[in-house]
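Here is how names work: the chains are called A, B, and so on, in the same order as the sequence lines, proteins then strands, and each is numbered from 1.
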Amino acid sequence: MSSLKIIAKHPSICQIDSSTTLRELRQIHAHLLLNGLLTDPHLSGQFVAAIALRNPDNLDYSGRVLDRCEHPTLFGLNSMIRVHSKSPTPQKSFHFYDRILRRGLSPDNYTFSFLVRACAQLLARGVGESVHGALVRHGFESDPHVQSGLINMYAEMGSLESCRRVFGGILDHDVVCQTAMLSTSAKLGDVAFAKKLFDEMPERDTVAWNAMIAGYAQCGEPRQALNLFHEMQLEGVKVNEPSMVPVLSACTQLGVLDQGRWAHAYIEKNRLRMTLTLGTALIDMYAKCGDMDKAMEVFWGMKERNVYTWSSAMNGLAMNGAGKECLELLSLMKKDGVLPNKVTFVSVLRGCSVVGLVEEGCKHFASMTELYGIQPELEHYGCMVDLYGRAGRLNEALKFINDMPVEPHAGAWGALLNASKIHKNMEIGELASRKMLELEAKSHGAYVLLSNIYAENKSWEGVSHVRQVMKSRGVKKLPGCSVVEVDGEVHEFFVGDNSHQMYNEIKVMLGEIFRRLRLSGYMADTNPVLFDIEEEEKENALSLHSEKIATAFGLIRLKKDIPIRIVKNLRICWDCHDFMKMVSRTFDREIVVRDNNRFHHFRGGGCSCRDYW
DNA sequence: GTAGGGTTAG
């Protein structure tokens, strides 16, 4: 009887999942033992693989099962190497490799394929190289999956050179190892080479397409990723769950809600399984496209949630200004028995920061080490500086930086600088920018913030000094750019952009907006030294921040009941923020702006951030 | 009846 049939007769094995308790597992185990089924060499392997793969908590238990098994098969031992290679304890893979050798069994291509992946996790170059030597001696160098593992291993170790050497040494490139090389090149930043490999592949399966789409998404080329996905459909290649993850990630990066919704509909129409990863990507997409309600709907609809799922939802809430809800989710997560990790705490601290919950934030910061044994990293320190600083507690923020056990990074000083700008503190702002520029001399953001602090304090010498320094150091400010999506089409506007085909209509609309806004008392911020407007452009009606132009365009093209959604590459300025609030009331429109920091939802003359910066 | 590709964060 084949092992499959045996398992079919014993559904208890198939029913093992993450909710199966250790006690139940022991019962199943006893049942198998009693019926002499664990002596079935195939079944024992299947059993350990099943329990360990479905829940890493069972790893040690399945190891002990196999230890007690008299004649473990290569299959079973390979399975253990495999599950350990994906676990936090990849070094334990070697225990089972040793058992293979001691039993006089011959390791096969599977053994090495998994073992090499364990080395990649371990990040121990010496060990990896000796495994590489061993697999060559055993004659498995030409196995495509082994090759793929080797390429990934060297990629993990950051050596594109070694990857290329392995790849170059292969005579016949199988699709599997070609895909590994492609994906590796993209991960290490050479997306052009990845595309070259992709184009040269004689046959491309779903995995190869997925890898290339993911490569574009990872390299910050979301448009290319979406284009390639459409090409994939035209070619009639089968689309599966992992295909959609980078597609959603691309929509997230672009902030294009319509296309994100389309991707969601595509998933449902094609009955793709809502796996943990896919669900998490979907939550992240809705959250970062500003539709937090939908993000939470997906979140609550999921069958299971891991730390990624919870963290994504919490991060979304924080970004959208729902700090309280973010903290509520943290307690629900704990109740659910999911342990927060360091990423979770970044979201938690940001959640506290957006609503000014300083004491709460301090409490959670302390709990990281005290309750969860997570060492705070630079990001967390940065969040704390932000938390104190935005609340106006600049001295405490400064003290916090000075008391940091590690050298403060540019981000920490940047947070302090930002807080100094908000609270118009020239003295601390000068200190913070000096420190920040010592670490990142080319940070245009620091110059802009400092210059604006000077301008607001009417220190014109300061302003011109900053400009001089920037010029002498060759630092260029990044041009502001806003994107609006209309009917699935993306429209991009830069500062003072007159290149759009509807330029004339936009100009007329801007005039109309200003006319009506002035009637309701709007005063444009006419501070003559506002940094990001060049003097000579002042006369031009379109020498406005890109989000204003995008708003005018949105008013023209989008129906009244559809919110105008804008994605901006820089932070929104105070004047534009005022402008948006007034447009939302005067024109009775909802406007959602994602800047490079967070979301602002404008409605009825107010903003979701409640002007707390 | 084991192998490749995917998610969170200044």
Side-chain angles (χ1 to χ4, degrees), chain A residues 2-7 41-43 45-46 48-50 53 73-83 85 108-117 143-149 151-152 174-184 186-187 205-215 217-218 240-249 252 275-285 287-288 306-316 318-319 340-350 377-383 386 409-412 414-415 418 443 445 596-598:
Chain A
S2 79
S3 54
L4 246 186
K5 281 182 189 156
I6 294 174
I7 289 173
H42 297 305
L43 196 48
Q46 202 83 352
V48 298
L53 271 178
T73 56
L74 190 57
F75 177 94
L77 293 162
N78 280 350
S79 299
M80 288 311 295
I81 297 179
R82 176 180 169 216
V83 292
S85 76
D108 62 4
N109 45 343
Y110 288 93
T111 315
F112 284 112
S113 152
F114 302 141
L115 206 56
V116 163
R117 279 167 217 286
D143 182 273
H145 287 278
V146 171
Q147 291 164 348
S148 159
I151 291 167
N152 285 327
D174 180 276
V175 60
V176 172
C177 86
Q178 276 176 321
T179 304
M181 191 64 216
L182 182 169
S183 152
T184 289
K187 266 183 208 144
D205 59 11
T206 297
V207 180
W209 280 88
N210 291 356
M212 192 62 233
I213 295 171
Q218 283 161 0
N240 61 10
E241 287 82 6
S243 319
M244 298 310 290
V245 177
V247 168
L248 288 168
S249 162
T252 308
T275 59
L276 263 175
T277 308
L278 191 53
T280 303
L282 200 54
I283 291 166
D284 188 47
M285 183 280 289
K288 289 190 181 150
N306 64 9
V307 62
Y308 287 89
T309 323
W310 286 97
S311 301
S312 298
M314 287 166 62
N315 177 55
M319 272 186 84
N341 66 14
K342 60 178 185 177
V343 178
T344 318
F345 276 104
V346 172
S347 305
V348 172
L349 297 176
R350 293 190 84 196
E377 291 180 18
L378 289 170
E379 302 94 294
H380 303 104
Y381 291 113
C383 288
D386 190 51
H409 64 312
N418 183 48
S443 166
N596 66 351
N597 184 50
R598 55 165 296 168

[atom1] of [X] versus [atom2] of [N]: gap in Å, rounded?
{"X": "A:H145", "N": "B:dG5", "atom1": "NE2", "atom2": "P", "value": "10 Å"}
{"X": "A:L349", "N": "B:dG10", "atom1": "CG", "atom2": "P", "value": "11 Å"}
{"X": "A:M319", "N": "B:dA9", "atom1": "CE", "atom2": "P", "value": "8 Å"}
{"X": "A:L74", "N": "B:dG1", "atom1": "CG", "atom2": "P", "value": "18 Å"}
{"X": "A:F345", "N": "B:dG10", "atom1": "CZ", "atom2": "P", "value": "15 Å"}
{"X": "A:I151", "N": "B:dG4", "atom1": "CD1", "atom2": "P", "value": "14 Å"}
{"X": "A:D386", "N": "B:dA9", "atom1": "CG", "atom2": "P", "value": "16 Å"}
{"X": "A:N152", "N": "B:dG4", "atom1": "CG", "atom2": "P", "value": "9 Å"}

Problem - A:H145 side chain vs A:N109 backbone, donor-acceptor pair below 3.5 Å - result: no
Handout entry: Side-chain donor or acceptor of A:S183 paired with backbone N/O of A:T179 under 3.5 Å
Key =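 No, A:S183 side chain to A:T179 backbone: no donor-acceptor pair under 3.5 Å.
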Look at all strands and tell whether [X] reaches a base, only sugar-phosphate, or nothing, counting heavy atoms closer than 4.0 Å.
{"X": "A:V146", "result": "nothing"}
{"X": "A:Q178", "result": "nothing"}
{"X": "A:N306", "result": "nothing"}
{"X": "A:S249", "result": "nothing"}
{"X": "A:R117", "result": "sugar-phosphate"}
{"X": "A:D284", "result": "sugar-phosphate"}
{"X": "A:T206", "result": "base"}
{"X": "A:A180", "result": "nothing"}
{"X": "A:V346", "result": "sugar-phosphate"}
{"X": "A:D205", "result": "base"}
{"X": "A:S312", "result": "sugar-phosphate"}

Practice task
Report the residues that fulfil side chain to side chain contact (heavy atoms under 4.5 Å, CB included) with A:S148, sequence neighbours left out, ordered by chain and then residue number.
Solution key: A:R117, A:N152, A:V176, A:A180
Any idea which of [options] is nearest the [X] side chain?
{"X": "A:V175", "options": "B:dG4, B:dT2, B:dG6", "result": "B:dG4"}
{"X": "A:F75", "options": "B:dG1, B:dT7, B:dG6", "result": "B:dG1"}
{"X": "A:Q218", "options": "B:dT7, B:dT2, B:dG10", "result": "B:dT7"}
{"X": "A:V343", "options": "B:dA9, B:dG6, B:dT2", "result": "B:dA9"}
{"X": "A:N315", "options": "B:dG10, B:dG4, B:dG6", "result": "B:dG10"}
{"X": "A:N240", "options": "B:dG10, B:dG5, B:dT7", "result": "B:dG5"}
{"X": "A:D108", "options": "B:dG6, B:dT2, B:dT7", "result": "B:dT2"}

Problem - side-chain N/O A:K288 vs B:dT7 OP1/OP2, d < 4.0 Å - result: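 It does not, given that no N or O in the side chain of A:K288 lies less than 4.0 Å from OP1 or OP2 of B:dT7.
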Practice task
Look at A:Q147 and B:dG4 and indicate whether a side-chain polar atom (N or O) is within less than 4.0 Å of OP1 or OP2.
Solution key: no
Handout entry: Residues that A:S79 engages under side-chain hydrogen bond (donor to acceptor under 3.5 Å, both in side chains), provided they are two or more places apart
Key =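 For A:S79 there are no side-chain hydrogen bond (donor to acceptor under 3.5 Å, both in side chains) partners, ignoring immediate neighbours.
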Is there a donor on the side chain of [X] or the base of [N] sitting less than 3.5 Å from an acceptor on the other?
{"X": "A:N210", "N": "B:dG4", "value": "no"}
{"X": "A:S183", "N": "B:dG5", "value": "no"}
{"X": "A:N597", "N": "B:dG10", "value": "yes"}
{"X": "A:S243", "N": "B:dG6", "value": "no"}

Practice task
Check whether the aromatic ring of A:Y110 stacks on the base of B:dT2, taking stacking as ring centres less than 5.5 Å apart and planes within 30° of each other.
Solution key: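 One would call A:Y110 stacked on the B:dT2 base.
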Exercise for the section: Could you say whether the aromatic ring of A:Y308 and the base of B:dT7 stack, counting only centre distances under 5.5 Å and plane angles under 30°? Expected result: yes
Problem - Stepwise side-chain contact (heavy atoms from CB on, under 4.5 Å) test for A:Y308 and A:L276 - result: CA-CA 9 Å; A:Y308 287 89; A:L276 263 175; over 6 Å; no
Problem - Considering all heavy atoms, the nearest A:T344-A:S311 contact - result: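 Result for this residue pair: OG1-OG, 3.0 Å.
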Problem - Minimum-distance pair of heavy atoms, taken over all atoms of A:I151 and A:C177 - result: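 That would be CD1-O, 3.9 Å.
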Problem - Qualifying residue, where the test is side-chain contact (heavy atoms from CB on, under 4.5 Å) with A:F114 and the options are A:V146, A:V83, A:N78, A:L77 - result: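 In the set A:V146, A:V83, A:N78, A:L77, the residue that makes a side-chain contact (heavy atoms from CB on, under 4.5 Å) with A:F114 is A:N78.
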